[in-house]
Amino acid sequence: MAEQLRQINVLASSIFLEPVARSTAPAAAIACLHAASQSEDALVLILPADHLILDEPAFLKAIDAASSAAKSGYLVSLGMRVKSPHTGYGYIRKAGKLHNFDGVFALDHFVEKPDAKRAEKFFKSGDYLWNGGIFLFSASAYLDELSTFSPVTVSSCTQAMEVCIKDRDFRRLNSTAFNDCPYGAIDTEIMEKTDKGAVVPVDIGWSDVGSWRGLWDIGERDVAENVLVGDVIIEEVTNSYLRSDGPLLGCIGLDDMVVVASQDAVLVAPKGRAEDVIESLIASRRMEGQSI
């Protein structure tokens, strides 16, 4: 990360290193504590590092809309337009428009990754958005809400900051203090509990690139809507993601499939069920008594 910032001539204010993973709520607390030390009016934008945003102007416009609400104390999420009944994403149900904030809605509730039937219902209703994990809020508003719902997180993060060690471009958080943080995400620890939640619906060319289907979504497709990567030969194949990282891969008569071949494994699955692979693998290993 430090090297990538140097390549684009950006000087980082600070890069904090977590000694252990505690999910996004403590990470956001560290960011907010640092931002608040720089400015009492600081706004903090939380962005997952592995997501893709293709429409930068639309994204910046959404941030402007969210900023107006965030400055007034709202904790704002960006909700992605639902394009299919996807079971691999969490969902946000929006309520009515917030007065005085153009393009901003009250947040009704979050929904964990649904089954296919509920995902279809959400898709048809028009009231739901995909949860992209992008949040904008003032540092003070977030810390106030976190102090209400998880005071131990705020105290642990504060202690971890106070005795962190500076190491060139980095600040290493104190491991003893940070280890005391409860594990928790912004969604579950704050957004599902607060009465200050808001959401901005967006269509910004977003993908979390977290699945084989996600790679198909962003890949360069041929006239039959296939994404082909590596040594692949096809005949009468449509709407599929086909990839080989080694051996020649030959496919005939497939539609809406994911086929991935590596040196030591092959995956074949309907594109809509590619997210089930990890859960199925874990279940089978547990039945066999193997470690995961």
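Below, all heavy atoms of this structure are taken into account, side chains as well, without hydrogens, waters or symmetry copies.
- Note: His34 NE2 to Ser13 OG = 3.0 Å, rounded to the nearest 0.5 Å.
- Val209 and Ile204 fall into different hydrophobic clusters, defined by Ile, Leu, Val, Met, Phe, Trp and Tyr side-chain heavy atoms under 4.5 Å apart, directly or through other members.
- Under the 30°/60° scheme for interplanar angles, the aromatic rings of His86 and Trp130 are found to stand perpendicular.
- Here the closest non-hydrogen pair linking Pro19 and Asn174 is CG-O, 4.3 Å.
- To the nearest 0.5 angstrom, Glu40 atom CD is 11.0 Å from Ser138 atom OG.
- For the residue pair Ala95 and Phe105, the shortest heavy atom distance occurs at O-CD2, 3.3 Å.
- Between Leu173 and Ile30 there is a side-chain heavy-atom pair separated by less than 4.5 Å.
- Note that the OG atom of Ser156 and the CG atom of Asp180 stand 5.0 Å from one another [nearest 0.5 Å].
- Side-chain contact between Ser175 and Val20 is absent, with no heavy-atom pair separated by less than 4.5 Å.
- Distance check: Ile186 CD1 to Phe137 CZ gives 4.5 Å after rounding to the nearest 0.5 Å.
- Looking at Arg81 and Val202, their side chains never come closer than 4.5 Å, going by heavy atoms from C-beta outward.
- Of the inter-residue distances, the one linking Asp231 atom CG with Leu248 atom CG reads 4.5 Å to the nearest 0.5 angstrom.
- At least one donor-acceptor pair under 3.5 Å links the side chain of Thr148 to the backbone N or O of Asp144.
- A donor-acceptor contact under 3.5 angstrom links the side chains of Glu145 and Thr194, judged on distance only.
- Counting only distance, with no hydrogens or angles, the side chain of Ser77 and the backbone of Gly79 share no donor-acceptor pair below 3.5 Å.
- Residues Leu107 and Lys94 are not in side-chain contact: their nearest non-hydrogen atoms beyond the backbone lie 4.5 Å or more apart.
- Clustering ILVMFWY residues whenever any of their side-chain heavy atoms sit less than 4.5 angstrom apart, transitively, puts Ile46 in the very cluster that holds Leu129.
- Both Val200 and Leu47 sit in one connected hydrophobic cluster of ILVMFWY residues. Membership requires side-chain heavy atoms under 4.5 Å apart, directly or through other members.
- By the 30° and 60° cut-offs, the orientation of the rings of Tyr128 relative to His109 is perpendicular.
- A donor and an acceptor atom, one from each side chain of Trp206 and His51, are located under 3.5 Å apart.
- Using a 4.5 Å heavy-atom threshold, the side chains of Arg172 and Cys164 count as separate.
- Minimum heavy-atom separation, Val76 to Ala70: CG2-N, 4.0 Å.
- No side-chain heavy atom of Val259 sits less than 4.5 Å from a side-chain heavy atom of Ser240.
- With a 4.5 Å cut-off on side-chain heavy atoms, Leu78 and Ile63 count as touching.
- Electrostatic pairing of Glu120 and Lys124 counts as a salt bridge here, judged by a charged N lying under 4.0 Å from a carboxylate O.
- By the criterion of side-chain heavy atoms lying less than 4.5 angstrom apart, applied directly or through intervening Ile, Leu, Val, Met, Phe, Trp or Tyr residues, Phe59 is not grouped with Leu52; the two fall into different hydrophobic clusters.
- Taking the centre and axis of the six-membered ring of Trp216, the NZ or CZ atom of Lys271 falls inside the cone set by 45° and 6.0 Å.
- Counting heavy atoms from C-beta outward, Ile134 and Met80 have side chains that approach closer than 4.5 Å.
- Between Lys83 and Asp203 there is a salt bridge, with a side-chain nitrogen of the basic residue lying less than 4.0 Å from a carboxylate oxygen of the acidic one.
- Sparse packing is recorded around NZ of Lys97, with 12 or fewer heavy atoms of other residues, nucleotides or ligands lying under 6.0 Å away.
- Within a 6.0 Å sphere centred on CZ of Phe178, heavy atoms belonging to other residues, nucleotides or ligands number more than 12.
- Between the side chain of Ser150 and the main chain of Leu146, no donor-acceptor pair closer than 3.5 Å is present.
- Taking the six-membered ring for Trp, Tyr142 and Phe135 have ring centres at least 6.0 Å apart.
- The backbone N or O of Cys181 lies less than 3.5 Å from a partner atom in the side chain of Arg22, making a donor-acceptor pair.
- With respect to the salt-bridge test (charged N to carboxylate O, under 4.0 angstrom), the residues Glu3 and Arg6 qualify.
- When the side chains of ILVMFWY residues are joined at heavy-atom separations under 4.5 Å, either directly or via intervening members, Val227 and Val223 end up in two distinct hydrophobic clusters.
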Worksheet entry | Check against side chain to side chain contact (heavy atoms under 4.5 Å, CB included), Val237 and Cys251 | CA-CA 7 Å; Val237 175; Cys251 299; 4.2 Å; yes
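- Within a 6.0 Å sphere centred on CD of Gln7, other residues, nucleotides and ligands contribute more than 12 heavy atoms.
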Worksheet item: Passes side chain to side chain contact (heavy atoms under 4.5 Å, CB included), Leu11 versus Leu5? Steps please.
Response: CA-CA 7 Å; Leu11 179 63; Leu5 288 171; over 6 Å; no
Practice prompt. Apply side chain to side chain contact (heavy atoms under 4.5 Å, CB included) to the pair Asp222 and Leu228, showing each step before the final yes or no.
Written response: CA-CA 8 Å; Asp222 62 19; Leu228 309 178; 4.1 Å; yes
Item to complete: Begin with the C-alpha distance, continue with both residues' side-chain angles, and end with the deciding distance and a verdict on side chain to side chain contact (heavy atoms under 4.5 Å, CB included) for Ser14 and Phe170.
Response: CA-CA 6 Å; Ser14 288; Phe170 311 109; over 6 Å; no
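- Between Tyr91 and Arg93, the side chains place no donor N or O within less than 3.5 Å of an acceptor N or O (distance only, hydrogens not considered).
- Between Thr188 atom OG1 and Phe149 atom CZ the span is 12.0 Å, to the nearest 0.5 Å.
- Residues Ser262 and Asp264 have side chains that bring a donor and an acceptor to within less than 3.5 angstrom of each other.
- Looking only at atom types and distance, the side chain of Asp255 has a donor-acceptor partner in the side chain of Asn239 under 3.5 Å away.
- Here the shortest heavy-atom pairing between Leu249 and Ser244 reads CB-CB, 4.0 Å.
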